[in-house]
Amino acid sequence: MKPAYLLCLALAAAGCSRAANIGQPPELTSPRETEEFLAMTNPPLNLPLDSGRPEAAASLWAGTQSSLISDRRAAIRGDILTVVIEIDDEATISNSSGRNRSSSESLSIPQMVGIPQRLGEKLPEGASFDNLADASSSSSYRGNGNISRRDQLTLRVAATVVDTLPNGTLQIQGTQEVRVNFELRELTVSGFVRPADIDRSNEIAGDRIAGARISYGGRGQITDVQQPRYGQQIADIVLPY
């Protein structure tokens with residue numbers, strides 16, 4: 001099958017998927033189709049067993065999370081915690097470099113056992129070995145560079161413990177979707193946290209998440225018109241200039 005034919009099929013499939021959203025808002029992802037729901041419905045096998053005594057459910061000293069004295073912080077697969085993301089970064093980089101070089105070379109053989117004088121008699125009129133060669137060169141370079149960036153983001157999202165590593169580190173993942181009219185905003189947070197970094201209010205700061213992956217974007221009509229067409233994207237890749 002020719003590559004051009006495969007390309008046409010891919011573009012047609014993409015166009016059909018986009019045509020299904022004409023006049024319709026983007027669909028929200030079902031919460032039951034996320035990895036967080038899977039972690040909540042499949043807890044670890046080492047959950048504490050109920051003693052079977054009727055008074056155990058009313059005891060203040062029970063070992064379950066519903067107890068008044070229990071630790072409410074996320075600790076096992078399926079637990080929920082709040083991730084607080086506060087990014088306020090500013091970077092300014094300025095570089096300047098310059099280079100200047102000049103050189104001059106001159107070569108003459110006025111005296112060499114009389115040979116230049118003998119040879120000079122055979123040279124055309126006006127020619128001489130007094131200034132046999134003369135060369136000079138100069139180069140100059142100057143470069144300037146300036147980078148300025150400012151990132152500011154403040155978010156709060158609930159995340160779920162999806163796995164517990166052998167060393168006790170918790171792997172978390174959280175997703176949030178908000179639809180306003182025909183635009184859907186998506187927030188995704190994932191990474192690894194230490195149980196000790198979770199505070200008493202069951203919250204953790206974004207700068208304490210190892211391997212943090214934070215994505216804040218959207219899909220819908222506004223996002224669609226901000227993206228170049230598929231043909232233009234392919235042309236940008238294929239065209240050499």
In the structure I gave you, are the side-chain heavy atoms of V189 and Q173 within less than 4.5 Å of one another anywhere?
no

Would T82 and R156 count as a side chain to side chain contact (heavy atoms under 4.5 Å, CB included) here? Give the steps.
CA-CA 7 Å; T82 302; R156 295 173 65 92; 3.9 Å; yes

For L155, the option from V84, I85, V83 that meets side-chain contact (heavy atoms from CB on, under 4.5 Å):
I85

Rounded to the nearest 0.5 Å, what's the gap from CZ on R194 to CD1 on I204? Could you check?
9.0 Å

Starting at CG of D88, measure out to CZ of R150 and round the result to the nearest 0.5 Å.
4.5 Å

Using a distance-only test with no angle check, is there a side-chain donor-acceptor pair under 3.5 angstrom linking N144 and S96?
yes

One thing to verify: whether D199 and R73 come together as a salt bridge, which I'm taking to mean a side-chain N less than 4.0 angstrom from a carboxylate O.
no

Side chain to side chain, L184 and E177, heavy atoms closer than 4.5 Å:
yes

Please determine whether residues I87 and V157 belong to a single hydrophobic cluster, defined as Ile, Leu, Val, Met, Phe, Trp and Tyr linked transitively by side-chain heavy-atom distances below 4.5 Å.
yes

Only counting residues at least two apart or in another chain, list the ones meeting side chain to side chain donor-acceptor pair (under 3.5 Å) with T92.
none

Rounded distance [0.5 Å steps], OH in Y216 versus OG1 in T188
11.5 Å

So which of I80, V162, L81 actually passes side-chain contact (heavy atoms from CB on, under 4.5 Å) with I172?
L81

Closest contact, heavy atoms only, A39 versus T160
CB-CG2, 4.3 Å

Measuring from atom CD of E86 to atom CD of Q152, what distance do you get when rounded to the nearest 0.5 angstrom?
10.0 Å

Quiz question: by atom type and distance under 3.5 Å, do the side chains of T175 and E36 form a donor-acceptor pair?
yes

Between D79 and R77, does at least one N-O distance fall below 4.0 Å, as a salt bridge requires?
no

For R142, look at atom CZ and say whether over 12 heavy atoms of other residues, nucleotides or ligands are found less than 6.0 Å away.
no

Is the backbone of A74 close enough, under 3.5 Å, to the side chain of N202 for a donor and an acceptor to pair up by distance?
yes

Please list all pairs meeting salt bridge (charged side-chain N to carboxylate O under 4.0 Å, His left out) that have one or both residues in residues 209-222, counting only residues at least two apart or in different chains.
E186-R219

Hey, what do you get for CD1 (I209) to CD1 (I214), rounding to the nearest 0.5 Å?
6.0 Å

For residues 164-171, please give each side-chain donor-acceptor pair under 3.5 Å, one per line with the distance, not counting sequence neighbours.
unit_1	atom_1	unit_2	atom_2	d
N167	OD1	T169	N	3.2
N167	OD1	T169	OG1	3.2
N167	ND2	T169	OG1	3.3

Rounded at 0.5 Å granularity, tell me how far CD1 in I93 sits from CD1 in I147.
5.0 Å

Look only at the side chain of D197 and the backbone of V193, and say whether a donor-acceptor pair between them is shorter than 3.5 Å.
no

